[in-house]
Asker: 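Handing you a structure now.
Within every chain, numbering begins at 1; the chains are lettered A, B, ... in the order of the sequence lines, protein sequences first and strands thereafter.
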Protein chains: 2
Amino acid sequence: MGVRKAKAAETRTALLDAARRLFAERGYLNTKITDITKEAGRATGSFYEHFTSKDELLQALLQGMEDRADELVDTAVHPREHDLTDRAQLRQHLAVSWTVFREHAPVVSALFQAMIAAEPGSGRAWNDLVGETGILKQHLEYSAEQGKALPGDPELVAAAIGAMLAMLGYAVNSARGREFDDDAVIDTLTDLLHSGLAGPRD
Amino acid sequence: MGVRKAKAAETRTALLDAARRLFAERGYLNTKITDITKEAGRATGSFYEHFTSKDELLQALLQGMEDRADELVDTAVHPREHDLTDRAQLRQHLAVSWTVFREHAPVVSALFQAMIAAEPGSGRAWNDLVGETGILKQHLEYSAEQGKALPGDPELVAAAIGAMLAMLGYAVNSARGREFDDDAVIDTLTDLLHSGLAGPRD
DNA sequence: GTCTATACAACGATAGAC
DNA sequence: GTCTATCGTTGTATAGAC
């Protein structure tokens with residue numbers, strides 16, 4: 001890679017880093033393009049040499065997050081035949097989601113804000129929620145086929161679980177003056193969703 | 001009340017109605033003050049005679065919603081001694097929340113959007129969530145005192161349930177081309193939270 | 001109280017020099 | 001590719017006539 005391109009890549013990275021930093025502080029919606037260039041120490045015009053909009057930059061951040069090929073989310077080895085009525089398997093799924101949220105908080109929170117800010121009439125909130133919980137839905141359908149009695153429609157149950165994770169993750173992430181033990185949270189959610197409020201707890 | 005005041009009240013009401021309508025269509029964040037006055041058929045300047053900001057108008061809408069003194073939420077007769085591990089009592093609580101969300105969707109959704117748009121650093125998301133689930137928390141604490149085994153810290157469990165309701169309600173509310181049977185949703189959530197995914201279902 | 005008109009700030013986006 | 005400078009739009013808020 002030539003020096004020219006290296007410089008460009010440097011600026012691009014600087015913009016991405018600055019954006020991530022600001023998204024964490026002020027949130028995606030409250031961060032303006034001019035804020036990002038300023039934070040990155042670049043001129044306003046330079047932004048458009050790398051991205052056409054704030055949303056595209058967000059997609060780039062998301063891409064970079066996925067590119068890290070988290071060992072956690074090994075989609076290759078993720079058969080439909082998972083049984084979420086099994087406590088260990090349920091916990092594993094919740095742990096992955098929760099960990100991703102915690103480790104990539106700026107990006108995930110930004111995506112969450114972008115989703116909420118969309119026009120209600122667009123149906124984006126529901127579509128995104130269903131899309132991101134597709135895996136859960138499949139597992140639940142599988143369990144249902146095995147004769148397990150579920151609380152209701154797999155799509156709805158999956159969406160409900162996804163909603164809990166997303167909103168709680170966002171809230172916990174914004175909490176100040178309050179410490180959270182991630183393992184304890186995951187255990188709590190696991191117990192709540194596995195056996196419910198009245199289920200057996202030993 | 002004089003004619004003068006009546007006219008003023010009329011404008012105020014027109015603004016509130018217009019706002020509610022637009023909040024439902026485009027969402028709170030995408031609705032501008034000028035949009036509201038335009039929709040209400042009033043001049044921009046008139047807005048500030050009644051409200052100092054869009055947020056204050058939202059508070060007024062919220063107030064009006066509470067003023068209807070929903071028979072549903074009879075806080076007067078709402079002792080701490082409710083047992084959410086009892087299926088019927090749990091369902092009752094979920095039904096109330098869900099119904100309020102569905103019947104006052106424009107206002108509740110707007111509040112949700114305002115909460116999410118706040119700076120993450122403000123901690124508003126967590127504070128609001130904890131505040132709105134205070135009742136649940138008290139019920140859970142009571143159950144714990146009665147020797148029931150809960151999934152975890154009452155505040156966290158209450159927040160998790162509140163998160164699920166808020167986000168799912170928002171998403172369902174935005175869904176297009178998808179019909180929801182409110183009773184079915186409430187039943188599903190009740191079963192999920194009462195007995196969990198693996199709990200007994202007859 | 002309501003209107004018209006307008007000041008003012010913020011922000012996105014582009015042009016042109018280097 | 002990056003910069004400075006600037007245009008144009010949008011939206012908040014106020015001034016002053018009626």
Asker: Of the options C:dA13, D:dG1, C:dT2, whose atoms approach the side-chain atoms of B:His50 most closely?
Answerer: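 Nucleotide nearest to B:His50's side chain: C:dT2.
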Asker: Atom CD of A:Glu49 and atom C1' of C:dA15: how far apart are they, to the nearest Å?
Answerer: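 After rounding, the reported distance stands at 13 Å.
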Asker: Within the structure shown, what part of the strands sits under 4.0 Å from A:Thr34 by heavy-atom distance: base, sugar-phosphate, or nothing?
Answerer: sugar-phosphate
Asker: Salt bridge check, B:Glu145 against B:Arg80: does any charged N sit closer than 4.0 Å to a carboxylate O?
Answerer: yes
Asker: Counting only side-chain nitrogens and oxygens, does B:Thr11 get under 4.0 Å of the OP1 or OP2 atom of C:dG1?
Answerer: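 No.
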Asker: Relative to the ring of A:Tyr28, is the ring of A:Phe23 parallel (under 30°), tilted (30 to 60°) or perpendicular (over 60°)?
Answerer: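 Correct class here is perpendicular.
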Asker: Looking only at the side chain of A:Ala8 (C-beta and beyond, no hydrogens), which of the listed nucleotides C:dG1, C:dA13, D:dG1 gets closest?
Answerer: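 Side chain of A:Ala8 sits closest to D:dG1.
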Asker: CD of A:Glu10 versus P of D:dC3: gap in Å, rounded?
Answerer: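 Roughly 12 Å, once rounded to whole Å.
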Asker: Can you tell me the distance, in whole Å, between the NZ atom of A:Lys38 and the P atom of C:dG12?
Answerer: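 Whole-Å distance recorded here is 13 Å.
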Asker: Which part of the nucleic acid, if any, lies within contact of B:Ser53, taking any heavy atom under 4.0 Å across all strands shown: a base, the sugar-phosphate backbone alone, or nothing?
Answerer: nothing
Asker: In whole angstrom, what separates B:Asp35's CG from D:dT12's C1'?
Answerer: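 These atoms are roughly 13 Å apart.
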Asker: Rounding to an integer number of Å, can you tell me how far B:Phe47 CZ sits from D:dA15 C1'?
Answerer: 19 Å
Asker: Please state how far atom CD1 in A:Ile33 lies from atom C1' in C:dA10, giving the value in whole angstrom units.
Answerer: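 The distance from CD1 of A:Ile33 to C1' of C:dA10 comes to 13 Å, rounded to the nearest Å.
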Asker: Can you label the angle between the A:His82 ring and the A:His93 ring as parallel, tilted or perpendicular, going by 30° and 60°?
Answerer: perpendicular
Asker: Would you check if B:Asp191 and A:Leu150 make a side-chain contact, meaning some heavy-atom pair closer than 4.5 Å?
Answerer: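 Heavy-atom side-chain distance check fails, nothing below 4.5 Å.
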Asker: Let me spell it out: for each of A:Thr44 and B:Arg12, pick the nucleotide of DNA chain C with the closest heavy atom. Which residue's pick is nearer the 5' end?
Answerer: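 The 5'-side residue here is B:Arg12.
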Asker: Examine C:dG1: is either OP1 or OP2 under 4.0 Å from a nitrogen or oxygen in the side chain of B:Ser46? Give yes or no.
Answerer: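 No, no such contact exists.
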Asker: Distance check needed: D:dA13 P versus B:Asp55 CG, whole Å only.
Answerer: 12 Å
Asker: Return the value, rounded to whole Å, for the distance between atom CZ of A:Arg42 and atom C1' of D:dC3.
Answerer: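 It is 12 Å, rounded to the nearest whole Å.
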Asker: In terms of side-chain heavy atoms of B:Ala43, which of C:dG12, C:dT4, C:dG1 is nearest?
Answerer: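 For B:Ala43, the side-chain atoms sit closest to C:dT4.
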Asker: Can you check whether B:Phe180 and A:Trp126 have ring centres sitting under 6.0 Å from each other?
Answerer: yes
Asker: Side chain of B:Lys32 only, heavy atoms from C-beta on: which candidate in C:dT2, D:dG11, C:dA13 is closest?
Answerer: D:dG11
